Amino acid sequence: MHTDPQDALFSYAAMVLGALGISVALFALYAGPFTAQPDVGTQIGEIAGNMRAAAQRALQGLPQPEETIVQPTWDIDRILMAAAPVLGVLAIIASVIGFIRREPKRMAAYGLFVGMASIFMQVLLIAALIIAGAILLVGIMQNLDQILGG
């Protein structure tokens, strides 16, 4: 059965938006980060140094320094991280509109699933980064004496 694109406008739009969402998520994963990032070794050293200094202050009964709150800026990396789920949500909305308009169910379902895949891919990416960060912190804490020599 051949479906005229005019008959399934929102379903086709849902598939295109979902595909764009997946493409943006993969682009951000494989091509990024685009903004300047400090060296990984420097970041790990700073984390280890801050952990050691905080532990020494706690053992000596000294107060911890005031927390510095850094406001995140909207750079290209953050925009790309937000764009994939937004495109996925737009794909789901367009797909639901396609169902309401009684467009071909298969096309609307494809749009729905591609939109959900776009959101799920971004959530999976963020979860993987959080797990990797937690593993890194545990490794730093276990080897703090060897890292800082003391």
Side-chain angles (χ1 to χ4, degrees), residues 1-55 58 64-144 146-148:
M1 176 179 164
H2 184 277
T3 304
D4 185 24
Q6 295 290 350
D7 295 338
L9 181 65
F10 283 94
S11 299
Y12 280 118
M15 288 194 311
V16 168
L17 288 169
L20 281 173
I22 290 174
S23 299
V24 167
L26 289 174
F27 182 72
L29 174 65
Y30 290 110
F34 297 102
T35 57
Q37 303 288 325
D39 182 32
V40 175
T42 303
Q43 286 180 323
I44 292 172
E46 287 179 6
I47 292 170
N50 289 340
M51 290 171 65
R52 182 175 186 192
Q64 298 293 337
E66 297 266 339
E67 290 185 28
T68 56
I69 299 173
V70 178
Q71 285 288 4
T73 58
W74 281 97
D75 57 3
I76 187 68
D77 294 323
R78 191 167 179 202
I79 291 169
L80 287 174
M81 291 291 284
V86 168
L87 288 169
V89 168
L90 290 175
I92 291 171
I93 291 170
S95 181
V96 168
I97 292 172
F99 278 118
I100 292 171
R101 289 185 50 180
R102 299 186 192 278
E103 293 179 1
K105 292 192 186 320
R106 185 176 291 178
M107 299 301 295
Y110 289 160
L112 179 71
F113 289 124
V114 172
M116 289 183 348
S118 173
I119 295 169
F120 183 70
M121 180 174 287
Q122 194 67 19
V123 169
L124 209 65
L125 171 65
I126 292 170
L129 291 174
I130 289 172
I131 291 169
I135 291 171
L136 179 66
L137 284 176
V138 168
I140 289 172
M141 289 170 53
Q142 288 177 344
N143 298 308
L144 199 56
Q146 293 175 353
I147 292 172
L148 298 175

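All of these numbers come straight from a predicted model, not from anything done at the bench.
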Atom pair CG/CD of L136 and Q43 - distance to nearest 0.5 Å: 9.5 Å
Pairwise distance CE(M81) to CG(L29) - rounded to 0.5 angstrom: 9.0 Å
Spacing of CG belonging to L124 relative to CD1 belonging to I119, to within rounding of 0.5 Å: 13.5 Å
Shortest non-hydrogen contact from M15 toward V114: O-CG1, 4.0 Å
Shortest non-hydrogen contact from A25 toward A84: CB-CB, 3.8 Å
For S118 against G18, the heavy-atom pair lying closest together: CB-O, 3.8 Å
E103 to F10 - nearest heavy-atom pair and separation: OE2-N, 3.2 Å
side-chain contact (heavy atoms from CB on, under 4.5 Å) assessment of T35 paired with R78: CA-CA 10 Å; T35 57; R78 191 167 179 202; over 6 Å; no
Minimum-distance pair of heavy atoms, taken over all atoms of A117 and I22: CB-CD1, 4.0 Å
N/O donor-acceptor pair under 3.5 Å between S95 side chain and A91 backbone: no
L26 CG to L125 CG distance, which is reported to the nearest 0.5 Å: 9.0 Å
Nearest non-hydrogen partners of D77 and F34, listed with the distance: OD1-N, 2.7 Å
Donor-acceptor pair, side chain of Q122 and main chain of A82, under 3.5 angstrom: no
Flag if over 12 foreign heavy atoms under 6.0 Å of CZ, F99: yes
Passing option when I92 is tested against L17, L112, I97 for side-chain contact (heavy atoms from CB on, under 4.5 Å): L112
